[in-house]
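Working notes for the structure below.
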Amino acid sequence: MVDRDQAARILEKYGQEHILNYFDELGSEEKQELLDQIGIIDFSVLENLDAEKNSRSARGKFEPLGAVTISDIASNKEVYERAGIEAIKAGKTAAVMLAGGQGTRLGFDKPKGMFNMGVEKELYIFQCLINNLMDVVKAAGTFVPLYIMTSEKNHKDTTEFFKEKNYFGYDPAYIRFFVQDMAPSVDFNGKVFMESRSKISVSPNGNGGWFSSLVRAGLLDEIKEKGVEWINVFAVDNVLQRIADPGFIGAVIKSGKQSGGKVVSKASPDEKVGVLCLEDGMPSIVEYYEMTEEMRTLLDENGELAYKYGVILNYLFNVKKLEEICDNKMPVHVVDKKIPYMSEGGEFIKPSEPNGHKFETLVLDMVHMQDNCLAYEVVREKEFAPVKNAEGVDSVESARELLKANGVKI
Ligand code: UTP
């Protein structure tokens, strides 16, 4: 709890005095709400606007990292799958769905998972994912605990939707929801946006905080009591996502590695996808915009791209290691987004182009905190159909085509 003077001091430190511009005109409840928000928000993320202080600007030395390839996996299919199914049957695996994003590129005003991929029938994104997970449930003969991360902005809609749809046939006793943290967003001059005269505009702080939010929600105790050792973290927006994939889980367990990441071979050197590689000898993901021309086009001894394996936001982490790194400070990414805000004249504006920055931590940075990571190559057309945009690349249209190609009735 902070009072007006304390709030003013905090804001002055970060050059955000405008937040109190309308304070004197507010009712007492609104005043309190605003002060509470100022007290809770971690304004230190704004320091990341300063390139020199940006926690992610300094990178180490990159080297390529090989993968268990599609053909390796085909040769070891039975061994991997048996090991994975055993782990699932023994209750050692859980899954975490990252569904706290705002999906601004898609421009759908409900949680992305509520988007209907169906054409002749209803088939929601959440439903696609549950259907995929049900394949594993059937094969293992047991439900996999599923933790769904939402944000303050979409929690109510998400939980009500699952309830209304009867959890798409999943056993609700195995589903838990938890809410991620929020961060302020700023215009291109670094000034925090207001949503109204008494409300600072905040947005979900990226998917990197999933484990700390899960711990804060008190769910780690439950996870440990259940004997869960492995957590499969995945994005909500890949409708072909294989969740708790026994082959993947088995391969990571058999490899003796601490973590795993599903990857696809890059379609071309310029494909805009993060690549799983080594950074200073440790596993890491280099973003496409961080790669030099030389890295992008470098060939290995077989004449293939050396930095070839793009990540698809499907990782397997070990619970013990997650506990160890839980308090590590995650690097903060400054990203450009469309952020609705209240203009100086008091008008609420929904921009059609990016108008400011959000601050996000990303799950991919957790990979660099692992001692090692197994890159597990999957067939792109079978496992990767992201719904990011309304049209064009990685869109509703392209994902629908891929669903059909995989025999899913839409
Ligand atoms: P994206 O990076 O695509 O972000 O998220 P987004 O917010 O969904 O979409 P855009 O960029 O605004 O269009 C990748 C995954 O991480 C989750 C998303 O729900 C998606 O599954 N995510 C993203 C969170 O859970 N929380 C966040 O704060 C951001």
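Every number for a ligand or one of its atoms is a count from 1 in the order of the listing.
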To the nearest 0.1 Å, how far is [atom] from its closest protein heavy atom, and which atom is that?
atom: atom 3 (O) of ligand 1; answer: K388 NZ, 2.7 Å
atom: atom 16 (O) of ligand 1; answer: N207 ND2, 3.0 Å
atom: atom 6 (P) of ligand 1; answer: G103 N, 3.6 Å
atom: atom 17 (C) of ligand 1; answer: L98 O, 3.6 Å
atom: atom 11 (O) of ligand 1; answer: K337 NZ, 2.6 Å
atom: atom 12 (O) of ligand 1; answer: T104 OG1, 2.5 Å

Taking only Lys NZ, Arg NE, NH1 and NH2, and the carboxylate oxygens of Asp or Glu, determine whether [X] and [Y] approach each other closer than 4.0 Å.
X: E279; Y: K61; value: no
X: E160; Y: K110; value: no
X: R105; Y: D394; value: no
X: E323; Y: K224; value: yes
X: K321; Y: D371; value: yes

Relative to the heavy atoms of [X], which atoms of ligand 1 are at a distance of less than 4.0 Å?
X: G100; answer: 19 (O), 24 (C), 25 (O), 26 (N)
X: M149; answer: 25 (O)
X: V236; answer: 19 (O), 21 (O)

Mind checking whether [X] has an N or O less than 3.5 Å away from an N or O of ligand 1?
X: G206; value: yes
X: L106; value: no
X: G101; value: yes
X: E360; value: no

Region of Q180 that comes within reach of ligand 1 [heavy atoms, distance under 4.0 Å]: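 The answer is the side chain of Q180.
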Location of contacts on A99 toward ligand 1, heavy atoms closer than 4.0 Å: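 Within the 4.0 Å criterion, A99 contacts ligand 1 through backbone atoms alone.
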Quick one: closest heavy-atom pair of [X] and [Y], and the distance?
X: S259; Y: F317; value: CB-CD2, 4.1 Å
X: V144; Y: V136; value: CG2-CG1, 4.5 Å
X: F178; Y: W210; value: CE1-O, 3.4 Å

Sequence-distant partners of R400, side chain to side chain donor-acceptor pair (under 3.5 Å), two or more places apart: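 Counting only residues at least two positions away or on another chain, R400 forms no side chain to side chain donor-acceptor pair (under 3.5 Å).
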Heavy atoms of other groups near E391 CD, more than 12 under 6.0 Å: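 Not buried by this count: 12 neighbours or fewer within 6.0 Å.
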Shortest reach to atom 15 (C) of ligand 1 by a heavy atom, considering only N205, N238, L313: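 Residue with the shortest heavy-atom distance to the ligand atom: L313.
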